[in-house]
Amino acid sequence: MPPQITALGGRVQTTLRKFSLAQKTLAVIGVAVLVLGTIALSSWLTKPTMSPLFSNVSATDASAMVDQLTAQGVPYQLADGGATILVPADQVYAMRLKMAAAGLPATSDGGYSLLDKMSATSSDFTQQITYQRAMEGELAKTISSINGVTASTVKLAIPKDTVFVATKSDPTASVFVKTAPGVTLGTDQVQSIVHLVSASIDGMKPTDVSVVDADGKVLSAVGSTVASGIAGQQTSDYEARVQAAIQAMLDRVVGAGKGAVTVNADLNYDQTHRTSESYTAPTPSPLPPLSSATTSEVYAGNGTTAGGVLGPNNIAVPSGTSTAGTGSYSKNSATVDNPLDKVTEDTITAPGTVRRMSVAVVLDSKAAASLDMTQMNAMIAAAAGIDPTRGDTVSVSKMAFDTTSAAAAQTALAQADAATQAAQKTALIKQGAIAGAVLLLVIFLVIVGLRQRGKARREALDLGELRMVQDDDDPLGLGMGPGHDAFPAIPAAPPVPEGPSDIAIKRAEIGAFAEEQPAEVAELLRGWLVGGKR
């Protein structure tokens with residue numbers, strides 16, 4: 001081993017021996033913290049990024065996939081209660097191909113894959129039920145793909161076609177959806193589910209689809225386009241939109257917080273279908289008829305007039321007398337189909353129209369002291385879309401606002417800000433105190449170490465026995481003192497033997513080191529040469 005490394009090890013051991021018990025304890029704790037931090041950092045840096053391999057898998061498929069991953073030595077993690085399997089991101093696609101080759105996932109929730117397993121000798125009933133299950137599975141998979149929907153189930157009620165029924169019933173559907181925690185389906189999403197299911201089944205109407213969530217709330221009922229809950233939500237959205245428009249205008253006119261708006265709307269969710277026909281005279285008039293027909297009958301003749309008495313069974317009995325007479329007959333008739341302007345109107349009223357609306361506005365008397373209330377009333381009516389023919393009303397009044405709550409809220413906010421700043425300041429002081437304590441501890445350890453090293457460098461000198469100096473003594477041997485009259489002569493210095501120079505000594509040490517460790521010396525010289533070229 002090189003003497004430099006041996007000397008370094010010896011100095012370290014010497015320094016450690018001179019540490020006190022407290023210093024040794026702190027040194028051990030510091031080394032342990034450093035080692036544990038290095039291990040934690042290296043494990044975190046070398047930990048792979050996990051990505052989902054499959055989601056929403058059944059327990060059977062999850063167990064089979066875990067066995068496959070364990071057999072192949074691939075690390076994995078389970079999430080969502082075992083329904084999601086995570087593997088390293090760089091192995092996701094390779095493992096999906098291997099799982100597919102192994103026939104996983106094997107469990108099927110339905111879909112058209114059911115038709116692949118149906119034999120050719122299946123009965124008509126089995127074929128119909130299997131086809132209906134396949135459609136239910138496909139619809140459930142499609143609905144589950146909507147953002148926020150974690151699971152869904154579709155049940156179809158399709159009446160069987162028969163020639164013995166005069167009136168055919170319409171098909172209906174029931175949809176159950178389970179959303180993620182904290183997610184609520186909006187009106188557009190519910191309507192998209194309704195139209196998706198109704199458009200997928202032949203002869204099904206949107207009003208024949210029912211949607212229910214996991215909380216048992218009816219989102220869309222059969223026979224109505226919008227459920228009561230969604231109807232209330234639409235009404236609230238309309239009221240909030242009108243209120244926001246009026247409030248934005250008031251904030252610019254009287255200032256923020258100087259006006260309050262309340263909107264109450266009554267929306268009509270009844271869907272009506274009306275057909276009306278109207279006829280008017282054609283212009284220009286008259287116009288040629290669309291069709292006409294004329295009938296004429298004429299009869300002329302000379303004959304006798306029959307006479308006599310009726311006999312039994314209304315048989316005329318000749319009386320032997322008759323009279324001669326003449327007669328004529330004519331009949332004329334005409335049918336004319338004159339043109340008329342005909343208008344047929346077919347009107348379907350969609351639900352959600354405004355039946356009646358009322359708006360109440362209260363202004364701060366101080367802020368609205370100089371405002372024209374008539375003009376303000378007209379502005380609010382125009383902003384809200386008030387229609388007097390519907391019975392809409394607008395009420396605008398001035399009142400003194402109670403600012404106690406606002407002042408209390410402002411005070412609470414100021415106190416909260418002050419408390420936050422104080423907490424931040426306290427945390428900063430704590431951090432500074434901890435950093436200062438650590439710094440002082442480090443300085444103390446450094447000072448103690450330097451003192452120990454200074455003590456180690458000191459050498460003990462033997463001064464011999466000390467005695468009292470007398471008046472006639474010459475303690476330094478210079479021939480001086482009370483008993484000496486003159487300075488003694490200084491003897492000549494002895495000749496200094498010539499020895500090897502420092503350069504020669506260093507060369508000898510380098511040569512000895514090169515003989516002992518030739519490989520290390522060659523590597524060192526090579527490193528110097530390469531470093532010099534750079």
Side-chain angles (χ1 to χ4, degrees), residues 54-62 78-84 105 107-111 114 129-159 169-241 264-271 350-353 355:
F54 288 101
S55 300
N56 297 327
V57 295
S58 62
T60 305
D61 289 339
L78 298 179
D80 297 337
T84 301
T107 304
S108 176
D109 296 333
L114 296 175
I129 294 300
T130 304
Y131 178 69
Q132 182 172 334
R133 288 180 57 199
M135 289 191 297
E136 291 175 351
E138 291 295 329
L139 289 173
K141 290 180 181 178
T142 306
I143 295 173
S144 299
S145 302
I146 299 176
N147 292 334
V149 178
T150 58
S152 64
T153 304
V154 179
K155 299 297 182 182
L156 301 177
I158 302 177
S169 301
D170 295 332
T172 58
S174 299
V175 181
F176 170 82
V177 292
K178 181 181 179 181
T179 58
V183 177
T184 303
L185 295 180
T187 305
D188 297 338
Q189 291 176 310
V190 174
Q191 291 301 311
S192 65
I193 294 175
V194 169
H195 289 286
L196 172 66
V197 176
S198 62
S200 302
I201 307 301
D202 185 19
M204 182 177 292
K205 301 177 182 178
T207 55
D208 294 332
V209 179
S210 174
V211 182
V212 182
D213 62 2
D215 296 331
K217 182 179 179 180
V218 179
L219 304 179
S220 177
V222 174
S224 61
T225 55
V226 182
S228 58
I230 298 181
Q233 182 179 356
Q234 286 186 344
T235 303
S236 299
D237 293 342
Y238 177 78
E239 292 174 351
R241 186 169 63 250
N264 186 8
D266 182 13
L267 303 184
N268 184 12
Y269 292 100
D270 297 334
Q271 186 174 7
T353 58
R355 184 181 296 168

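Because the structure is a prediction, the values reported are computed rather than measured.
- Scanning both residues, Pro159 and Ser169, for their nearest heavy atoms gives CG-O, 3.0 Å.
- A donor-acceptor distance shorter than 3.5 angstrom exists from the side chain of Thr150 to the backbone of Lys178, with no hydrogens or angles considered.
- Of all the heavy atoms in Gln132 and Leu156, the pair that sits closest is NE2-O, 2.6 Å.
- Every residue two or more places apart in sequence or in another chain was checked for a side chain to side chain donor-acceptor pair (under 3.5 Å) with Asp266, and none qualifies.
- Not counting sequence neighbours, the partners of Ser152 by the side chain to side chain donor-acceptor pair (under 3.5 Å) test are Ser144.
- Under the side chain to side chain contact (heavy atoms under 4.5 Å, CB included) criterion, Lys205 pairs with Asp170, Thr207, Asp208, not counting sequence neighbours.
- Here the closest non-hydrogen pair linking Pro206 and Val194 is O-CG1, 3.3 Å.
- When all heavy atoms are compared, the tightest approach of Ala265 to Thr235 is O-CG2, 3.7 Å.
- Here the side chains of Val197 and Val211 are not in contact, with every heavy-atom distance at 4.5 Å or above.
- Scanning both residues, Gln189 and Ile146, for their nearest heavy atoms gives NE2-CG2, 4.0 Å.
- From Ile201, atom CD1 reaches atom CD1 of Ile158 across 5.0 Å, with rounding to the nearest 0.5 Å.
- Between Phe176 and Asp213 the shortest heavy-atom distance is CE1-O, 3.7 Å.
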